[in-house]
Novice: 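Before we start, here is the structure in question, set down as structure tokens.
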Protein chains: 2
Amino acid sequence: MDQLARTPKDIGHAIRRARKQQKLSQQELATRSGIWQETISKIENGSSGARLETIFDLCAALDLEIVIAKRSQSNTDFLEDTL
Amino acid sequence: MDQLARTPKDIGHAIRRARKQQKLSQQELATRSGIWQETISKIENGSSGARLETIFDLCAALDLEIVIAKRSQSNTDFLEDTL
DNA sequence: GCACATTATGGTCCAGAGATCATATTTTGT
DNA sequence: ACAAAATATGATCTCTGGACCATAATGTGC
């Protein structure tokens, strides 16, 4: 359920996933978050490194949180992208 | 032990914390991560939104990982910055 | 197949991140 | 208090993310 992210692409996937789970269109998310639909599209597709703030905005709008943890407590739940 | 981050400042704190725990200087972290000492200083002090990629680089060098999680499972371990 | 909604692409403009340099300030050991 | 190390500041330059516009491509229901 939690999603490990090592690259911008991973973040994009996590965001898309959450958005779809909440049945929001990019446009709706755009309105909620203040980030443009076009930008969301690019971020979800991992087209290169977004800014932290942008990600925080999107996460806030999607009720996601970002956690920084020490690595290696055997994280196996990685990269089973469903959508 | 895990650190919730809502703002770039939070990320900066988490990074500084981890770096100090590993007894690294900014300069050493800079060498490891490929991010300049000056830039690390700014990020640790939260002087505005870094890029995702930069954070990933720093996290990798510090053995930290970024996890995206659904909010609210009663996260109480927040904001007890020790350093 | 069509209309409509959704998502992606592509261009311009502006602001700011990060490289890189020098230098100032702070911290720390002795 | 001093020297040395560590951190911060600050300036310039380049590059790119994101706002913003239009439009293309794709998906989805009927």
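Given the structure is predicted, the values throughout are model-derived calculations rather than measurements. In what follows, every heavy atom counts, from backbone to side chain, and hydrogens, waters and symmetry copies are set aside. Chain A is the first sequence line, chain B the second, and so forth, proteins listed ahead of strands; every chain is numbered from 1.
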Novice: For E28(A), does its backbone N or O pair with a side-chain atom of R19(A) as donor and acceptor, under 3.5 Å?
Specialist: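 Between the backbone of E28(A) and the side chain of R19(A) there is no qualifying donor-acceptor contact (under 3.5 Å).
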Novice: Show the numbers, then the answer: is there a side chain to side chain contact (heavy atoms under 4.5 Å, CB included) between L52(B) and T54(A)?
Specialist: CA-CA 10 Å; L52(B) 255 188; T54(A) 310; over 6 Å; no
Novice: Which distance, rounded to the nearest 0.5 Å, do you find between the CD1 of I66(B) and the CD1 of I11(B)?
Specialist: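 Interatomic distance, I66(B) CD1 to I11(B) CD1, rounded to 0.5 Å: 5.5 Å.
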Novice: Rounded to whole Å, please give me the gap between CZ in R51(A) and P in dG16(C).
Specialist: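 Between P of dG16(C) and CZ of R51(A): 8 Å.
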Novice: For the CD atom of Q21(B) and the NZ atom of K70(A), what is their distance to the nearest 0.5 Å?
Specialist: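 It is 4.5 Å, given to the nearest 0.5 Å.
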Novice: Separation of I43(A) atom CD1 from dA8(C) atom C1', in whole Å?
Specialist: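 Checked: the CD1 to C1' distance equals 14 Å.
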Novice: Can you see if the side chain of R16(B) gets near the phosphate of dA8(D) - specifically, an N or O under 4.0 Å from OP1 or OP2?
Specialist: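 Yes, R16(B) has a side-chain N/O under 4.0 Å of OP1/OP2 on dA8(D).
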Novice: Counting N and O atoms only, with roles assigned by atom type, does the side chain of R71(A) sit under 3.5 Å from a partner on the main chain of A60(B), one being a donor and the other an acceptor?
Specialist: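 The answer is yes, because a donor-acceptor pair under 3.5 Å joins these two groups.
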Novice: Return no unless some side-chain N or O of R19(B) is found under 4.0 Å from OP1 or OP2 of dA6(D).
Specialist: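 No.
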Novice: Could you state the atom-to-atom distance from CD1 of I11(B) to C1' of dA17(C) in whole Å?
Specialist: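 Taking atom C1' of dA17(C) as the reference, CD1 of I11(B) is at 16 Å.
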Novice: Taking OP1 and OP2 of dT20(C), is either one under 4.0 Å from a side-chain nitrogen or oxygen of W36(B)?
Specialist: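 Yes, because at least one side-chain N or O of W36(B) sits under 4.0 Å from OP1 or OP2 of dT20(C).
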Novice: Could you state the atom-to-atom distance from CG of D57(B) to P of dG18(C) in whole Å?
Specialist: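 Distance check: D57(B) CG to dG18(C) P gives 10 Å.
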Novice: F56(A) CZ to dG17(D) C1': how many Å, rounded?
Specialist: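 After rounding, the gap between these two atoms is 16 Å.
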Novice: Set out, in order, the CA-CA distance, both residues' side-chain angles and the distance that settles side chain to side chain contact (heavy atoms under 4.5 Å, CB included) for R16(B) and N45(B), then state yes or no.
Specialist: CA-CA 9 Å; R16(B) 167 159 294 173; N45(B) 288 307; 3.5 Å; yes
Novice: What is the distance from atom CG of L58(B) to atom OG of S33(B), rounded to the nearest 0.5 Å?
Specialist: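 L58(B) CG to S33(B) OG: 5.0 Å, rounded to 0.5 Å.
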Novice: Tell me whether the OP1 or OP2 atom of dA8(D) has a side-chain N or O from S41(B) closer than 4.0 Å.
Specialist: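 So the side chain of S41(B) is within the cut-off, an N or O lying under 4.0 Å from OP1 or OP2 of dA8(D).
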Novice: Which heavy atom of I35(B) sits nearest to which heavy atom of I40(B), and what is that distance?
Specialist: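 Closest heavy-atom pair between I35(B) and I40(B): O-CD1, 3.6 Å.
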Novice: Check the phosphate of dA8(C) against N45(A), side-chain N and O only, distance under 4.0 Å to OP1 or OP2. Yes or no?
Specialist: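 For dA8(C), OP1/OP2 do have a side-chain N/O of N45(A) under 4.0 Å.
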Novice: Taking only heavy atoms on the protein side, list every residue of residues 23-33 of chain B lying under 4.0 Å from any atom of DNA chain D, sorted numerically.
Specialist: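 Nucleic-acid contacts, sorted: S25(B), Q26(B).
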Novice: To the side chain of T39(B), which of dA17(C), dA8(C), dA19(C) is closest?
Specialist: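 Selected nucleotide (nearest to the side chain): dA19(C).
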Novice: dA11(D) P sits how many Å from K42(B) NZ, rounded?
Specialist: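 For the pair K42(B) NZ and dA11(D) P, the rounded distance is 11 Å.
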Novice: Would you please test D10(A) and L4(A) for side chain to side chain contact (heavy atoms under 4.5 Å, CB included) and show each step?
Specialist: CA-CA 8 Å; D10(A) 292 339; L4(A) 213 181; over 6 Å; no
Novice: Round to the nearest Å and state the distance from L58(B) atom CG to dA17(C) atom P.
Specialist: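 Going from L58(B) (CG) to dA17(C) (P), I get 15 Å.
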Novice: Compute the angle between the rotation axes at the two ends of the helix from dG1(C)-dC30(D) to dT30(C)-dA1(D), each taken over five pairs, rounded to 10 degrees.
Specialist: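 For the helix from dG1(C)-dC30(D) to dT30(C)-dA1(D), the axes at opposite ends meet at about 70°.
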Novice: Going through the distances and angles, do L24(B) and L62(B) end up as a side chain to side chain contact (heavy atoms under 4.5 Å, CB included)?
Specialist: CA-CA 9 Å; L24(B) 295 172; L62(B) 287 168; 4.0 Å; yes
Novice: Can you name the one residue among E38(A), E44(A), Q37(A) that meets side chain to side chain contact (heavy atoms under 4.5 Å, CB included) with S41(A)?
Specialist: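 The option that passes is Q37(A).
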Novice: Would you give a per-nucleotide map of nucleotides 22-30 of chain D, 5' to 3', where B means the base has a protein non-hydrogen atom under 4.0 Å away, S means only the sugar-phosphate does, and - means neither?
Specialist: B--------
Novice: I want to check something: taking the side chain as every heavy atom from C-beta on, are I68(A) and I15(B) in contact at a cut-off of under 4.5 Å?
Specialist: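 No, too far: nothing below the 4.5 Å cut-off.
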Novice: Specify the separation, in whole Å, of atom CD1 of I35(B) and atom P of dA19(C).
Specialist: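 So the two atoms are 5 Å apart, to the nearest Å.
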